[in-house]
Amino acid sequence: MPENDSADRSTEGMVDYNANSLVQKQHAMGNHERIEDLAGRVMHLPGPLNLTDYGCGPGQSTIETARPALTTWLAANASRPISICFADQPGNDWDALMALVTGETGLAQGGTLPRIETPVGSFYDRMVADSSVSLATCFFASHWLSASRPYEAPNTVWFADLTGEARRKMWQAAESDWTRFLLMRAQELQSGGYLFVSTLGAIPETGEINDTAASGRGVYRALQIVTASMVDDGLLDRKRAKCFVFGLWFMTETEARRPFETNADLQDAYEIDTIAVLPVDGGGDLFAAHLDNPVEYARQYTGYTKAFAASSLRKQLFEPTLGAGKDTKWLEDEFFRRFEVLYRENTAAYALEQWHLSVVLKRK
Ligand SMILES: C[S@@+](CC[C@H](N)C(=O)[O-])C[C@H]1O[C@@H](n2cnc3c(N)ncnc32)[C@H](O)[C@@H]1O
């Protein structure tokens, strides 16, 4: 499928998702043991076993998320009813996902597939039946907020560099979304089931803006530099750019814990197993192996960044600048051409840094 066809998909650029989702794939593979452990913990629960992967995306990583649970459950009892739900928004590339699920690297074991379901909707709403999930996973997805709202953000496109009232308002929205996500999952998990959320996080760092270092600061600051250069050259609408912020929030441990301290329904619903933000081995520069080859380093970063950033840029900057129905492809090409040049000339200055937030909760 040509990239243009994905213009309205929320999982933008994910036509090439497998090629540009290295971080997600590494993450799913790196969590095999933890998923096996959690799958083992829910095996004693009554009824059919179900894993639901929320914000599954269209790629191999969701399969690698489900596989350890499936293998654990089948090894314990091959005849027990098992289902896997891949849950995502309507715009997900469901055809690509089902081709992978049923293909050679998919989930068939001994020639048979478990029951596969594909709930479509938002994880800020209910997605599956009451008490039907034994193990819920959500990787690299829950940082996307329920809506992208405008904020007073003249010098940044990124939540972590917001200050004052704009930051307060955006955190209010992010905290409310996180609370809602957890409350929805509490209705869907069976008693004794587990929720495992893992995504990009942030850590305290004295001297950094807001005394917080958030994952991806190099990449988002590079996106701001390109946005500002396009505005200065008259290619992007200045007014729009002034209030555009990517609709995401990478939480610190304190932020992720906050709803559990204030919301009685959450306290009633969950026992906290883990809430932690940890650095990833090596710091998180996915393309460090290409550091001595700036052309390749820049090419890789551009592909990776385009996969998650292009759709927000298109909807909130390119389309409003050009007007409804106009072809935004040239603007997108120019944006990512400049982005690639920036990385070619500065390489590691804008490298991806990652801290991963892990949340493991047991449904009481
Ligand atoms: C970066 S992808 C991660 C996919 C997969 N979990 C992985 O680790 O590779 C983020 C996914 O979250 C999904 N997503 C974002 N907001 C969502 C929402 N409100 N409800 C359901 N899915 C959502 C997107 O559609 C996208 O497929």
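We use all heavy atoms of the structure for the numbers below, so side chains are in, but hydrogens, waters and symmetry mates are not. All ligand and atom numbering here is 1-based and tracks the order in the structure.
A cation-pi contact links Arg185 to Phe181, judged by a cut-off of 6.0 Å to the six-membered ring centre and 45° from its axis.
Listed by number with element, the atoms of ligand 1 under 4.0 angstrom from any heavy atom of Phe140 are 1 (C), 2 (S), 3 (C), 10 (C). The Gly121 neighbourhood of ligand 1 comprises atoms 20 (N), 21 (C), with distances under 4.0 Å to a heavy atom of that residue.
Note: the hydrophobic cluster containing Val280 does not contain Leu278 (ILVMFWY, side chain heavy atoms under 4.5 Å, direct or indirect links).
In this structure, the side chain of Asp93 engages the main chain of Ala96 through a donor-acceptor pair within 3.5 Å.
At a heavy-atom cutoff of 4.0 Å, ligand 1 is contacted by the backbone of Cys56 but not by its side chain. Within the 4.0 Å heavy-atom criterion, both parts of Ser122, backbone and side chain, lie near ligand 1.
Polar contact check, Ser61 against ligand 1: a nitrogen or oxygen pair lies under 3.5 Å apart. At least one N or O atom of Phe139, backbone or side chain, sits closer than 3.5 Å to an N or O atom of ligand 1. Remark: ligand 1 and Asp88 share an N or O pair separated by less than 3.5 Å (distance only, no angle test).
Annotation: side-chain hydrogen bond (donor to acceptor under 3.5 Å, both in side chains) contacts of Asp273 (sequence neighbours excluded): Arg41. Residues that satisfy the side-chain hydrogen bond (donor to acceptor under 3.5 Å, both in side chains) test with Asp211, not counting sequence neighbours, are absent from this structure.
Using a 4.0 Å cut-off between a side-chain N of Lys or Arg and a carboxylate O of Asp or Glu, Glu353 and Arg221 do not qualify as a salt bridge.
Here atom 6 (N) of ligand 1 lies nearest to Gly55 when heavy atoms of Gly57, Ala141, Gly55 are compared.
Within the structure, ligand 1 lacks Thr62 among the residues with a heavy atom less than 4.0 angstrom away. For Cys138, the heavy-atom gap to ligand 1 stays at 4.0 angstrom or more. Judged by the shortest distance from any of its heavy atoms, Tyr124 lies inside the 4.0 Å radius around the atoms of ligand 1. Under the 4.0 angstrom criterion for non-hydrogen atoms, Ser146 is not in contact with ligand 1.
Nearest heavy-atom pair, Val157 versus Tyr220, reported as atom, atom and distance to 0.1 Å: CG2-O, 3.8 Å.
The closest side-chain donor-acceptor pair between Ser134 and Gln190 falls under 3.5 angstrom.
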